[in-house]
Number of protein chains: 2
Amino acid sequence: MRGAVAPAAVFYDHVMSPRREPVSRRDRPAKPPLSRAALVGAALRIMRDEGLERVTMRRLAAELDTGPAALYVYVRNAAELHGALLDALLADLPLPGPGTPSRWRDDLVELLCAYTSLLIGHPSLARSVLLLRPYGPNFLRLFDTLLGLLRAGGVRPRPAAWGVDLLLQHATATAAEQGTRSADAATEAAEEQALATAIAEADAAAYPQIAHARDELLSGPGEERLRWSLTAMIDGIAGSRA
Amino acid sequence: MRGAVAPAAVFYDHVMSPRREPVSRRDRPAKPPLSRAALVGAALRIMRDEGLERVTMRRLAAELDTGPAALYVYVRNAAELHGALLDALLADLPLPGPGTPSRWRDDLVELLCAYTSLLIGHPSLARSVLLLRPYGPNFLRLFDTLLGLLRAGGVRPRPAAWGVDLLLQHATATAAEQGTRSADAATEAAEEQALATAIAEADAAAYPQIAHARDELLSGPGEERLRWSLTAMIDGIAGSRA
DNA sequence: ACCTGAACACCGTTCAAGT
DNA sequence: ACCTGAACACCGTTCAAGT
């Protein structure tokens, strides 16, 4: 299953990359040649080590020993680079094998959970992806697989297409919420607390429903909540008369 | 119903505002005194005229005839200002009256559509709110109302609480997708096209499910799709055994 | 308690000029 | 065709010093 994805990634790389032979001049410290793959690779390293917020065009250029302007040969803008990072990450997402059709529901939840955990490791990327329309080959493969699972569940094309969008949006948003929103952990905690405090102290007369559900409102996300959300959505999608 | 919200907004303003009497010195051009309300008001004007991307701390300070540092007396940071802008906007959201309990489903969809249209007028704010945990009084009132509608539908506190989060998240994301992501309309169109092209040209052998559902994948969002999504989610939430 | 001036530490993107 | 140098046009936030 994994094997099928790699060639697509290679193809994708060629889409934007200008052809360039790796000239081997052995009398130089051999600054490696620029390429879309080299860009994405370096960006991936910086993201893993320091988070996406440090992956700026300037920083990336410095890492590759060139000027920021040179990067625009390989990516249209910073957002496109983020899309490429997502796709690189998705190469590691294990897709379900053929499987029995009756397991479509569980397969769907598992795959979406796996996608979410992958992104939870990079919350700032998830936040960026939330504002993007990814279209890389690995993303398309994920999309295709999700569509197939809904189809296996007897869902017609329209609700399946709209449903996959819905499910991926929620999975991405869940990852985006996790982890440090701000660079500063203290600021982060304060922001998280603001809502908690507002809920905890909400006047029962002014906000009766909040008062009634107070305990559940503060029950954190976690995997249980994600699974619940995905299941509820899948039920709604599968039951759709559209 | 509207009347109940205004006092809360006033209260909210006082939470962070230092007390300050409006000194009336008539021998000066009368630079109006700073206050949280003045900040939010000016930010609202800039947002309406030029979009949220122009509402920077520096620009806002210039508008108020002061330095950027002065703003930090009234807001913790730029994100908190965005939260305040959302809450100011939500003051105009018409909430449903008591109504008959049997209408809870339609009321829910209507209210969420109204919330979405409000935000569609300010897509960049929606994008910012997506990364926020709003907690202003008008947002809490909306949350409270949504909780009440689910409760009227017989949904227990836990799925209701989790469900409202889900519904609001999708409504916000829908608004965030609308309109210009980039300042430049041409860049925007190109980005939108990238996914469309990828789907339209996706190899049927590599992506069979995408090929099968191709027409539906490109069917734009629009209100029909939003209503479908909301309905599907509500069905799933209401049917939850959690 | 608040405001000012000024700095710190950065951004994405473009463009003429070179090779 | 690509890379370089340099600029354009900005950011959020902090902090010492004033009032």
Side-chain angles (χ1 to χ4, degrees), chain A residues 14 16-23 25 28 31-39 42-43 46 50-83 124 128 131-132 181-184 186-188 190-191, chain B residues 14 16-23 25 28 31-39 42-43 46 50-83 124 128 131-132 181-184 186-188 190-191:
Chain A
H14 284 195
M16 286 279 310
S17 297
R19 278 143 271 119
R20 208 232 238 215
E21 299 309 311
V23 184
R25 291 208 230 155
R28 287 273 203 96
K31 167 173 150 181
L34 283 185
S35 68
R36 190 182 228 257
L39 246 72
I46 300 174
E50 309 169 44
L52 184 72
E53 33 278 306
R54 315 292 298 179
V55 183
T56 64
M57 299 305 260
R58 284 159 184 272
R59 174 66 207 285
L60 184 54
E63 194 81 6
L64 293 164
D65 216 8
T66 184
L71 308 184
Y72 289 84
V73 175
Y74 305 98
V75 290
R76 200 186 300 273
N77 52 37
E80 196 196 292
L81 177 63
H82 293 175
S124 46
S128 181
L131 311 179
L132 240 55
R181 221 172 314 272
S182 319
D184 178 14
T187 306
E188 166 65 14
E191 277 163 15
Chain B
H14 282 196
M16 287 277 312
S17 299
R19 278 140 272 121
R20 211 239 234 211
E21 298 310 313
V23 183
R25 290 208 230 153
R28 289 270 203 96
K31 167 174 149 181
L34 285 184
S35 66
R36 189 181 228 257
L39 245 72
I46 301 174
E50 309 171 44
L52 184 72
E53 34 277 305
R54 317 290 300 179
V55 184
T56 64
M57 300 304 261
R58 283 160 186 273
R59 173 69 206 283
L60 184 54
E63 194 82 6
L64 293 166
D65 216 7
T66 184
L71 307 184
Y72 289 84
V73 175
Y74 304 98
V75 290
R76 201 186 299 274
N77 50 39
E80 196 196 293
L81 176 64
H82 294 175
S124 47
S128 180
L131 311 178
L132 240 56
R181 223 174 312 273
S182 318
D184 178 15
T187 306
E188 167 66 13
E191 278 163 17

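Just so we're on the same page: letters track the sequence lines, and every chain starts at 1. The structure displayed is predicted, hence computed values, not measured ones.
Residue A:Leu81 contributes atom CG, which lies 10 Å from atom P of C:dT13 at whole-angstrom precision. Note: CG (B:Leu60) to P (D:dG12) measures 10 Å, nearest angstrom. In this structure, A:Arg54 atom CZ and C:dC10 atom P are separated by 6 Å, rounded to whole Å. Between the CG atom of B:Leu52 and the P atom of D:dG12 there is a distance of 10 Å, given to the nearest Å. The distance from atom CG of B:Leu71 to atom P of C:dT4 is 10 Å, rounded to the nearest whole Å. Rounded to a whole Å, the CG atom of B:Leu34 is 11 Å from the P atom of C:dC2. Between the CG atom of A:Leu39 and the P atom of C:dG12 there is a distance of 13 Å, rounded to whole Å. Look at CZ on B:Arg58: it is 13 Å from P on C:dC8, rounded to the nearest Å.
Atom P of C:dC10 sits at a distance of 23 Å from the matching atom of D:dA9, rounded to the whole Å.
Taking all atoms of both residues into account, the shortest heavy-atom contact from B:Met57 to B:Leu81 is SD-CD2, 4.3 Å. Scanning all heavy atoms of the two residues, the minimum distance from A:Ala38 to A:Leu64 falls at O-CD2, 4.1 Å. Contact detail for A:Ala79 and A:Leu132: the closest heavy-atom pair is O-CD2, 3.8 Å. Here the shortest heavy-atom pairing between B:Ser124 and B:Gly51 reads OG-C, 4.5 Å.
Remark: D:dA1 base-pairs with C:dT19. Criterion, Watson-Crick or G-U wobble with two distances under 3.5 Å. Figure legend. C:dT14 is base-paired to D:dA6; pairs are counted as Watson-Crick or G-U wobble with both atom distances under 3.5 Å.
Using a 4.0 Å heavy-atom criterion, one finds that A:Ala78 contacts the sugar-phosphate atoms exclusively. Within the 4.0 angstrom heavy-atom criterion, base atoms lie near B:Ala70.
For A:Val55 and B:Pro68, each mapped to the nucleotide of DNA chain C holding its nearest heavy atom, the one lying further toward the 5' end belongs to B:Pro68. Heavy-atom distances to DNA chain D give each of B:Ala69 and B:Arg59 a nearest nucleotide, and the one nearer the 5′ end belongs to B:Arg59.
Between B:Thr56 and D:dC11 there is a side-chain polar atom (N or O) within less than 4.0 angstrom of OP1 or OP2. Taking only side-chain nitrogens and oxygens, B:Tyr72 never comes nearer than 4.0 Å to OP1 or OP2 of C:dA1.
Closest approach to the B:Met57 side chain among C:dC3, C:dG12, D:dG12 is made by D:dG12 (side chain taken as heavy atoms from C-beta onward). The listed nucleotides are C:dT13, D:dT13, C:dT4; the one nearest the side chain of B:Thr66 is C:dT4.
Between A:Val75 and A:Leu39 there is a side-chain heavy-atom pair separated by less than 4.5 Å.
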